[in-house]
Colleague: 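Got a structure for you, written out below as structure tokens; questions coming shortly.
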Amino acid sequence: KSAKNSSPPDATWKVLAGKYADEIYFRDSAMGCEPSKESIAKDVAKRFDEEGVRGKNGRLDFAYILRHGLVGWHRPPRVR
């Protein structure tokens, strides 16, 4: 299987969602924004769609990512 077409195990996409959330938060913060968890989840969902990341039941929408993937995610401390 190619990486683009393989779906990671449930725990893996959650870890990946947290990693992407950190990246999105730092990107937006550098532009002077304070992104909401909802907007971060939407960006994570878009990236998952682009990369072909799927859950065990298919596509992961932003609401599902917000409820299950980012439930324990907190904004990282800002680097000054």
Side-chain angles (χ1 to χ4, degrees):
K1 280 186 176 179
S2 72
K4 183 151 181 102
N5 294 329
S6 62
S7 295
D10 196 46
T12 304
W13 77 257
K14 291 177 182 178
V15 171
L16 195 57
K19 176 180 180 269
Y20 288 174
D22 286 347
E23 292 172 7
I24 292 162
Y25 177 76
F26 285 126
R27 178 199 69 201
D28 290 358
S29 295
M31 294 186 292
C33 299
E34 186 65 31
S36 68
K37 214 171 188 180
E38 289 82 8
S39 70
I40 290 171
K42 288 178 182 179
D43 284 353
V44 170
K46 182 179 177 187
R47 191 160 171 191
F48 278 2
D49 284 344
E50 291 168 355
E51 296 178 0
V53 176
R54 301 284 182 260
K56 64 182 176 183
N57 295 319
R59 182 180 177 274
L60 299 163
D61 70 4
F62 91 92
Y64 191 84
I65 292 168
L66 183 63
R67 281 191 316 272
H68 300 283
L70 299 181
V71 68
W73 180 84
H74 300 285
R75 289 177 171 88
R78 279 195 175 179
V79 177
R80 300 194 186 256

Colleague: Ignoring hydrogens, what is the shortest heavy-atom contact between Ala17 and Leu70? Give both atom names and the distance.
Modeller: O-CD2, 3.7 Å
Colleague: Given side chains that start at C-beta, do those of Glu34 and Tyr25 come closer than 4.5 Å, heavy atoms only?
Modeller: yes
Colleague: Taking the basic N atoms (NZ, or NE/NH1/NH2) and the acidic carboxylate oxygens, is any pair closer than 4.0 Å for Asp49 and Arg54?
Modeller: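 Yes.
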Colleague: To the nearest 0.5 angstrom, please state how far the CG atom of Leu60 sits from the NE2 atom of His68.
Modeller: 10.0 Å
Colleague: If you take all heavy atoms of Ala41 and Leu66, which pair is closest and at what distance?
Modeller: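 That would be CB-CB, 4.0 Å.
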Colleague: Looking only at heavy atoms, which two atoms of Asp61 and Ala45 are closest? And how far apart?
Modeller: C-CB, 4.2 Å
Colleague: If I take atom CG from residue Asp22 and atom OG from residue Ser29, how far apart are they, to the nearest 0.5 angstrom?
Modeller: 10.5 Å
Colleague: Rounded to the nearest 0.5 Å, what separation is found between the NZ atom of Lys42 and the CD1 atom of Ile24?
Modeller: 13.0 Å
Colleague: Can a salt bridge be assigned to the pair Lys19 and Glu23 using a cut-off of 4.0 Å between side-chain N and carboxylate O?
Modeller: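 Salt bridge between Lys19 and Glu23, a charged N being under 4.0 Å from a carboxylate O: yes.
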Colleague: Let me check something: do Tyr64 and Tyr20 share a hydrophobic cluster, defined by ILVMFWY side-chain heavy atoms less than 4.5 Å apart, either directly or through other members?
Modeller: yes
Colleague: Closest heavy-atom contact between Trp13 and Phe48?
Modeller: O-CZ, 3.6 Å
Colleague: Please answer: with hydrophobic residues joined when any side-chain heavy atoms are less than 4.5 Å apart, are Ile40 and Phe26 in the same cluster?
Modeller: yes
Colleague: May I ask you to decide if Pro35's main-chain N or O and Arg75's side chain share a donor-acceptor pair within less than 3.5 Å?
Modeller: yes
Colleague: Using every non-hydrogen atom in the two residues, find where Ala21 and Val44 come nearest and quote the distance to one decimal.
Modeller: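 Where Ala21 meets Val44 most closely, the heavy atoms are N-CG2, 4.1 Å.
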Colleague: Do Arg27 and Asp43 come within less than 4.5 Å of each other through their side chains, counting heavy atoms only?
Modeller: yes
Colleague: Can you tell me how far CG of Asn57 sits from CZ of Arg59, rounded to the nearest 0.5 angstrom?
Modeller: 13.5 Å
Colleague: Mind listing the closest non-hydrogen atom pair of Gly18 and Trp73 along with its distance?
Modeller: O-NE1, 3.7 Å
